[in-house]
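These notes are about the structure you will find just below.
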Amino acid sequence: MYKITQSDEKIIIKGIKDFDPIHTFECGQCFRWNKEEDGSYTGVVKGKILNVKKDGEYIIFDKTTKDDFINLWMDYFDLKRDYNLIKEKLSKDSILKEAIQYGEGIRILNQDEWETTISFIISSNRGIPIIKKSIEALCKKYGTYIGAYKGKRYYDFPSSKQLFKCSEEEIKESYTGYRAKYIVNTTCMIEKNQVDLYDLKKLFTYDARSELLKLSGVGPKVADCILLFSMEKYDAFPIDVWVKRVMEYFYIHEETSLKKVQLFSQEKFKDLAGFAQQYLFYYARELGIGK
DNA sequence: GGGCAGGTCTAAG
DNA sequence: CTTAGACCTGCC
């Protein structure tokens, strides 16, 4: 399917369509990928460091192996899915057709359930720079040290077991504010198996969602993010301020309630709602719609 | 320096 | 079941 070549610790892939690291990492689904001076992105996934760069028709995966590419990164970057088909379907809508042109290289990552849950609890009611800072601090304090790359030290996202040892005060040291209590409560629920995060993928979206809503600090928006970004529930449609504004601006033509936007979007985009959300989010931010 | 920022929780109608 | 306020705090 893809042509893979290897040199040193670099894996070079030719033939990946519909993938641009910038679009994928800047569309709001992840917080631990950071831009390097050369325009590449470095991140940590499942205890492994990776650097990704697009160079024309090549994607260069640095600091990894062919085995990891096939067993880990193919799945993480959703490279088995035909995004062209999804775009074709969504492009029947003229607004989405426009939005897709801006974020044509978006792929929805298959992230870890636990990391996604805690990350999006932290994300509520704040801007992206502070969210990233918060999560990095948490990783550095409580995550396992993995190694260095380009002179920076990298840490894994702390496991539920690692976080379970922390007090609310300790969590607060990572700039989490009042969300520290949510993190402590949710960690406790996970450790006591009151919700089995790694079992929810099997359930229908609605059932998985109601399980997630039991967690402290997880409301409708955060639950939808967890479903979409870590459980392959592509009918989920997370509505944050940006998506709400873009939906009202282009489709509904008036300010309305979250509930109405939710119903409207699910009905309109159905099983592709999550993909539509990503294109619209990127589009809204690029254009600064509704600011 | 005061207001804002990828929502959730809680209490009340 | 829908709506209004409070909420940590770093950053612009």
Side-chain angles (χ1 to χ4, degrees), chain A residues 23-34 99 102-103 106 108-109 111 115-138 140-141 166-189 195 206 209-230 236-249 252 254-266 273-291:
Chain A
H23 297 162
T24 294
F25 297 137
E26 308 283 356
C27 66
Q29 59 178 327
C30 54
F31 302 107
R32 294 205 70 198
W33 287 91
N34 293 309
Y102 280 78
I106 291 173
I108 297 183
L109 301 170
Q111 302 182 73
E115 175 173 343
T116 306
T117 299
I118 297 301
S119 296
F120 279 92
I121 289 174
I122 289 174
S123 81
S124 73
N125 195 26
R126 18 187 11 211
I128 289 175
I130 181 67
I131 297 169
K132 293 179 89 165
K133 184 178 176 182
S134 215
I135 292 172
E136 279 321 302
L138 205 60
K140 191 171 181 181
K141 272 192 170 62
C166 306
S167 67
E168 185 180 331
E169 293 310 312
E170 287 173 315
I171 301 281
K172 267 189 183 163
E173 290 169 10
S174 299
Y175 321 100
T176 52
Y178 61 85
R179 300 161 199 79
K181 185 164 55 181
Y182 303 154
I183 294 170
V184 167
N185 290 340
T186 287
T187 303
C188 185
M189 289 177 75
V195 172
Y206 181 87
R209 193 174 197 257
S210 44
E211 280 297 298
L212 288 172
L213 290 174
K214 291 179 185 169
L215 298 172
S216 175
V218 176
K221 190 270 179 182
V222 170
D224 285 335
C225 285
I226 301 166
L227 290 167
L228 180 59
F229 303 139
S230 74
F237 190 86
I239 302 174
D240 55 56
V241 289
W242 291 95
V243 173
K244 182 167 185 285
R245 284 197 289 244
V246 77
M247 288 305 294
E248 290 168 344
Y249 183 85
I252 306 175
E254 61 172 347
E255 285 195 24
T256 179
S257 68
L258 270 172
K259 188 75 185 172
K260 280 196 170 177
V261 178
Q262 182 81 248
L263 287 171
F264 180 92
S265 309
Q266 301 287 4
F275 297 103
Q277 191 270 6
Q278 288 293 276
Y279 294 121
L280 289 169
F281 178 85
Y282 193 87
Y283 188 47
R285 287 190 63 98
E286 286 295 296
L287 269 56
I289 287 166
K291 286 211 78 173

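Proteins get letters first, then strands, A, B, ... in listed order; numbering begins at 1 in each.
- Note: A/Ile121 CD1 to A/Thr187 OG1 = 7.5 Å, rounded to the nearest 0.5 Å.
- Among A/Tyr282, A/Trp33, A/Phe31, the single residue meeting the ring-ring contact (aromatic ring centres under 6.0 Å, His included) criterion with A/Phe25 is A/Trp33.
- Counting heavy-atom neighbours within 6.0 Å of A/Glu168 CD, excluding the residue itself, gives a total above 12.
- In this entry C/dA6 has B/dT8 as its Watson-Crick or G-U wobble partner, both defining distances falling under 3.5 Å.
- The residue A/Phe281 sits close to a base: some heavy atom pair falls under 4.0 Å.
- For NZ of A/Lys181, the number of neighbouring non-hydrogen atoms (other residues, nucleotides, ligands) closer than 6.0 Å is 12 at most.
- Taking atom CD1 on A/Ile131 and atom C1' on B/dG7, their separation rounds to 11 Å, with Å as the unit.
- As rounded to whole Å, 18 Å separates atom P of B/dG6 from atom CG of A/Leu228.
- As rounded to whole Å, 16 Å separates atom C1' of B/dA5 from atom NZ of A/Lys132.
- Across every non-hydrogen atom of A/Thr116 and A/Ile226, the tightest pair is CG2-CA, 3.9 Å.
- The distance from atom CD of A/Gln262 to atom P of C/dT2 is 12 Å, rounded to the nearest whole Å.
- Residue-level contact check: A/Pro238 touches neither bases nor backbone, having no heavy atom under 4.0 Å from any strand.
- Checked against B/dT8, B/dG6, C/dG10, the side chain of A/Trp242 finds its nearest nucleotide in B/dG6.
- Across B/dT10 and C/dC8, the matching P atoms stand 12 Å from one another, rounded to whole Å.
- Side-chain proximity of A/Arg179 to the nucleotides B/dG6, C/dT2, C/dC8 is greatest for C/dC8.
- For C/dC11, the OP1/OP2 oxygens have a side-chain nitrogen or oxygen of A/Lys133 closer than 4.0 Å.
- Rounded to a whole Å, the CD1 atom of A/Ile135 is 19 Å from the P atom of B/dA5.
- Side-chain atoms of A/Arg126 and base atoms of B/dC4 include no donor and acceptor less than 3.5 Å apart.
- If you measure from atom CD1 of A/Ile130 to atom P of B/dC4, you get 18 Å, rounded to the nearest angstrom.
- The distance between atom CG of A/Leu138 and atom P of C/dG10, rounded to the nearest whole Å, is 15 Å.
- The residue A/Gly28 sits close to a base: some heavy atom pair falls under 4.0 Å.
- Here A/Ser134 lies out of heavy-atom contact (under 4.0 Å) with every strand.
- Of the candidates C/dG10, B/dT8, B/dA5, C/dG10 carries the atom nearest the A/Tyr175 side chain, counting heavy atoms from C-beta on.
- When distances run from any side-chain atom of A/Tyr182 to the nucleotides B/dG6, B/dC9, C/dT3, the shortest one goes to B/dC9.
- Taking a cutoff of 4.0 Å between a charged side-chain nitrogen and a carboxylate oxygen, A/Lys140 and A/Glu136 do not qualify as a salt bridge.
- For B/dG6 and C/dT3, the P atoms lie 23 Å apart once the distance is rounded to whole Å.
- Residue-level contact check: A/Ile122 touches neither bases nor backbone, having no heavy atom under 4.0 Å from any strand.
- Classification of A/Lys214 and A/Glu211 as a salt-bridged pair holds, one side-chain N sitting under 4.0 Å from a carboxylate O.
- A straight line from CZ of A/Arg285 to P of B/dA5 spans 11 Å, rounded to a whole angstrom.
- When the nearest nucleotides of DNA chain B are assigned to A/Val243 and A/Leu213 by heavy-atom distance, the more 5′-ward of the two goes with A/Val243.
- Taking every side-chain heavy atom of A/Asp240 into account, B/dG6 is the closest of B/dT8, C/dC7, B/dG6.
- In the set B/dT8, C/dC8, B/dG6, C/dC8 carries the atom at the smallest distance from any side-chain atom of A/Tyr178.
- Nucleic acid contact for A/Gly177: base, since at least one base atom lies under 4.0 Å from a heavy atom of the residue.
- The side chain of A/Lys259 lies closest to C/dT2, out of B/dG6, C/dT3, C/dT2.
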